[in-house]
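Here's the structure we're looking at; comments come further down.
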Amino acid sequence: MQRRSFLKQAGLGAVAGSAAVAAPVFAQDAPTLNWRMASSFPRSLDTLYGTGEIFCKFVSEATGGKFTIRQFPGGEIVPALQVMDSVSNNTIECGHTVSYYYYGKNPAFCFDAAVPFGLNARQMNAWMFDGDGMKLTREMFKPQKIVNFPMGNTGVQMGGWYRKEIKTVEDLKGLKMRTAGFAGEVLSRLGVVPQQLAGGDVYPSLEKGTLDAVEFVGPYDDEKLGFNKVAKYYYYPGWWEGGPQVSLYLNEGAWGGLPKNYQAIVEAASRVAHVAMTARYDALNPGALRKLIAAGAELRPFPRSVMDASYAAAQTVYKEFSDKDPQFKALYDNYMGFRDSIVPWFRLAEGSYDQYLGVAMSSKK
């Protein structure tokens, strides 16, 4: 029996010894890298900025501290809405941003984030990871010398805060509204005057009256930013952002220079952070919405006439862009084809399930 115990201990010691030997070999071979990552978001938004922190922490811990990525909030090392250019020209190695911020460069970039009446968060994941989304967006970003990874999704957003009620399409005319990307193009067809501002600049503009309305994300972030203090009408749904994806941009040269094991760690870290963002929003938004309503926010659905007019305007814009840009058309056809194939399943399964639960819960009150 003593012999068996000795052999068992010796075996464990050999395993431990081999691990002790193997670990330094990995550490010696792995390069020490220090990267910078610019965020488009302020540090105060623990959901958006916090997702970048999750990513950086994962990369550091998975490499034993050999590969560190330091994140900077919007505006600290590069302007919040210039992250793409800074990654493209290798001013920074990587950035965390939303592709529809760069609508002015190319409207097709929005397919990497969200477009009006597009995919929800789960559908977007399916298109990116199991459809053609990753392949098509990688091709789209190639001229920018950017390699993209999904790194967060807020889920469907709210339709924003308004100083006055929106009862008809006429109420949108002349409205100065903070919005981003494709939403501004479609809303402008309905008379809205869109303004694209970084997150940290939105509240001061609304408070001063420079803006009449603002949409940002949803209850949790909106409460932190205090929009309900200066605009009381809170509309839903954000039809322009059914499942807006946030992205990790890596400079192509910097990415290509990483060892394969570091590339694998970056990909894994981005996927972990991607899932974490949606989970956090889903957990925090319900309570934040209740607090906003208790504080006086007036929740309103967009009237059906406004939704219908918005949908029609979106189809007009899509046709115009598809007619003049083959790349846009290819992305649009693939993306919307995927949407049209997956929405009936969601209506059948998810929709009926959620609808029944809503009715059942209401009847118990």
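All figures in this text were calculated on a predicted structure; none of them were measured in a lab.
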task = Apply side chain to side chain donor-acceptor pair (under 3.5 Å) to the pair S86 and T91, showing each step before the final yes or no.
result = CA-CA 5 Å; S86 300; T91 300; 5.0 Å; no
If I take atom [atom1] from residue [X] and atom [atom2] from residue [Y], how far apart are they, to the nearest 0.5 angstrom?
X    : Y    : atom1 : atom2 : result
L175 : L187 : CG    : CG    : 9.0 Å
F55  : Q71  : CZ    : CD    : 9.5 Å
M84  : N89  : CE    : CG    : 12.0 Å
I77  : M37  : CD1   : CE    : 10.0 Å
E76  : R43  : CD    : CZ    : 6.0 Å

[X]/[Y] ion pair, N-O < 4.0 Å:
X    : Y    : value
K224 : D46  : yes
E185 : R189 : yes
E53  : K57  : no
D308 : R304 : yes
E207 : K229 : no
K173 : E170 : yes
K167 : D171 : no

ask   = Where do Q327 and N106 land on the side chain to side chain donor-acceptor pair (under 3.5 Å) test, with the steps shown first?
value = CA-CA 10 Å; Q327 182 191 52; N106 183 353; 3.3 Å; yes
message = Go through it in stages, so that I can follow the logic: the residues are Q157 and T154, the test is side chain to side chain donor-acceptor pair (under 3.5 Å), and I'd like the CA-CA distance, side-chain angles, deciding distance and then a yes or no.
response = CA-CA 7 Å; Q157 295 190 4; T154 69; 3.0 Å; yes
query = Would N34 and T68 count as a side chain to side chain donor-acceptor pair (under 3.5 Å) if you check the C-alpha gap in whole Å, the side-chain angles of each, and the deciding distance to 0.1 Å?
reply = CA-CA 5 Å; N34 295 287; T68 60; 2.5 Å; yes
inquiry  = So, applying ring pair (Phe, Tyr, Trp, His ring centres under 6.0 Å) with F328, which one of F109, Y103, F111 is it?
reply    = F111
request  = For the residue pair Y249 and Y102, categorise the inter-ring angle as parallel (less than 30°), tilted (30 to 60°) or perpendicular (more than 60°).
outcome  =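 Because their plane-to-plane angle lies in the 30° to 60° range, the rings of Y249 and Y102 count as tilted.
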Under 3.5 Å: donor-acceptor pair, side chain of S60, backbone of C56 = no
For the residue pair [Y] / [X], report whether a side-chain donor-acceptor contact shorter than 3.5 Å exists.
X    : Y    : value
N148 : S247 : no
D222 : W161 : yes
Y281 : N153 : no
K145 : S88  : no

ask   = Within 45° of the axis and under 6.0 Å from the centre of the six-membered ring of F129, does NZ or CZ of R271 qualify?
value = yes
ask   = If you draw the axis of the six-membered ring of F149, does the NZ or CZ of R138 fall within 45° of it and under 6.0 Å from the ring centre?
value =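 Yes, a cation-pi geometry holds between R138 and F149.
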Would [X] and [Y] count as a close aromatic pair, with their ring centres under 6.0 Å?
X    : Y    : value
F182 : Y318 : yes
Y262 : F67  : yes
Y162 : Y235 : yes

Can you give me the closest heavy-atom contact between [X] and [Y], atom names plus distance?
X    : Y    : result
N228 : A295 : ND2-CB, 4.2 Å
V83  : A38  : CG1-O, 3.9 Å
G159 : M177 : O-CE, 3.9 Å

ask   = Sequence neighbours excluded, which residues qualify as side chain to side chain contact (heavy atoms under 4.5 Å, CB included) partners of V275?
value =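 Here no residue qualifies.
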task = Begin from the C-alpha positions of D325 and K329 and carry the test salt bridge (Lys or Arg N to Asp or Glu O under 4.0 Å) through to its verdict.
result = CA-CA 6 Å; D325 184 350; K329 186 178 189 308; over 6 Å; no
query = When you look at NZ of K291, are more than 12 heavy atoms from neighbouring residues, nucleotides or ligands closer to it than 6.0 Å?
reply = no
